[in-house]
Amino acid sequence: GQSLEQPSEVTAVEGAIVQINCTYQTSGFYGLSWYQQHDGGAPTFLSYNALDGLEETGRFSSFLSRSDSYGYLLLQELQMKDSASYFCAVISFSGGYNKLIFGAGTRLAVHP
Amino acid sequence: DSGVTQTPKHLITATGQRVTLRCSPRSGDLSVYWYQQSLDQGLQFLIQYYNGEERAKGNILERFSAQQFPDLHSELNLSSLELGDSALYFCASSPQTSGIHNEQFFGPGTRLTVL
């Protein structure tokens with residue numbers, strides 16, 4: 001089957017760095033995406049990794065290790081507005097279709 | 001504002017009924033995606049259409065169906081509704097290429113309540 005695991009909650013202070021891990025089990029793996037969702041809002045696409053390594057976009061970076069079935073989202077210089085839920089999502093090919101499976105989400109609370 | 005519109009914002013209906021949710025993608029986007037988000041199931045990908053054709057499929061129930069019309073708007077039809085179908089339904093769109101990994105722009109969602 002397919003499964004993703006990420007921590008349910010993470011707490012950090014403003015200005016700090018936080019890493020949200022995601023481990024997955026899936027067949028036909030294509031890549032790993034990350035989404036942000038504020039309470040009451042719609043998800044926002046953050047990043048996509050298909051190859052091993054680190055992708056940097058401003059304060060956010062995403063990492064993938066295909067051999068370890070593991071990825072993470074790194075948030076630097078945390079701001080209060082980064083308090084949100086963060087979802088990792090695996091893209092795979094199965095049963096003749098591309099599929100997108102989301103993790104349960106990690107709730108990040110940033111404190112002053 | 002992502003440029004993706006969804007109607008209605010809220011929908012309250014009874015078990016056994018059928019509803020249609022509507023989505024208009026961003027101007028120029030050919031791909032439309034549907035998602036369901038509920039407290040117990042989390043965020044689930046349902047289905048993707050690209051330029052009118054089905055391109056990717058997730059855990060969409062047989063009671064649910066979708067289509068994308070020539071003007072690229074999409075509708076998600078939910079029938080024989082059950083209490084467990086109560087959820088937030090998001091539509092998203094993405095630019096020209098059809099890859100499911102592409103950056104997607106989400107609409108504000110339709111909150112469905114089944115009583």
Side-chain angles (χ1 to χ4, degrees), chain A residues 1-9 20 22 24 26-51 55 57-58 60 62 64 66 71 84-107, chain B residues 1-7 9-10 21 23-26 29 31-50 53-60 62 66 87-95 97-112:
Chain A
Q2 296 180 315
S3 67
L4 288 94
E5 286 190 18
Q6 54 181 127
S8 58
E9 289 184 25
I20 300 174
C22 175
Y24 60 86
T26 187
S27 55
F29 176 83
Y30 264 17
L32 189 71
S33 288
W34 287 91
Y35 289 79
Q36 178 194 59
Q37 186 178 28
H38 287 97
D39 284 348
T44 303
F45 175 89
L46 292 177
S47 67
Y48 171 71
N49 294 67
L51 303 175
E55 298 271 348
T57 310
F60 293 3
S62 58
L64 176 66
R66 296 174 70 107
S85 291
Y86 293 84
F87 297 88
C88 61
V90 161
I91 297 95
S92 65
F93 185 79
S94 170
Y97 282 102
N98 286 322
K99 290 183 184 294
L100 185 61
I101 308 291
F102 285 85
T106 297
R107 193 171 187 87
Chain B
D1 184 353
S2 66
V4 178
T5 60
Q6 291 187 246
T7 56
K9 284 190 70 173
H10 301 278
L21 313 184
C23 169
S24 292
R26 297 187 322 155
D29 284 358
S31 275
V32 169
Y33 309 78
W34 286 99
Y35 296 87
Q36 179 195 58
Q37 187 172 36
S38 60
L39 282 174
D40 55 344
Q41 299 275 356
L43 187 59
Q44 291 207 77
F45 165 67
L46 296 178
I47 198 162
Q48 176 204 1
Y49 278 83
Y50 174 75
E53 292 189 4
E54 186 181 294
R55 279 298 175 94
K57 206 168 184 178
N59 297 326
I60 187 165
E62 285 194 16
L88 199 49
Y89 290 84
F90 287 107
C91 167
S93 73
S94 68
T97 55
S98 64
I100 198 173
H101 62 283
N102 287 334
E103 179 173 7
Q104 299 177 28
F105 298 86
F106 282 75
T110 293
R111 183 168 294 282
L112 173 66

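Labels below follow one simple rule: chain letters A, B, ... track the order of the sequence lines, proteins then strands, and each chain is numbered from 1.
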Problem set entry | More than 12 heavy atoms from other groups under 6.0 Å of CZ on B/R26 | yes
Exercise. If you count the non-hydrogen atoms of other residues, nucleotides and ligands that lie under 6.0 Å from CZ in A/R66, is the total more than 12?
Worked result: yes
Exercise. Is it the backbone or the side chain of B/Y35 that comes under 4.5 Å from a heavy atom of chain A, or both, or neither?
Worked result: side chain
Problem set entry | Region of A/Y35 that comes under 4.5 Å of a non-hydrogen atom in chain B | side chain
Exercise. Quick one: what part of A/L100 sits under 4.5 Å from any heavy atom of chain B, side chain, backbone, both or neither?
Worked result: both
Problem set entry | Among B/E54, B/K57, B/R55, side chain to side chain contact (heavy atoms under 4.5 Å, CB included) partner for B/Q48 | B/R55
For this session: Indicate whether the side chain of A/E55 and that of A/N49 have a donor and an acceptor atom separated by less than 3.5 Å.
Result: no
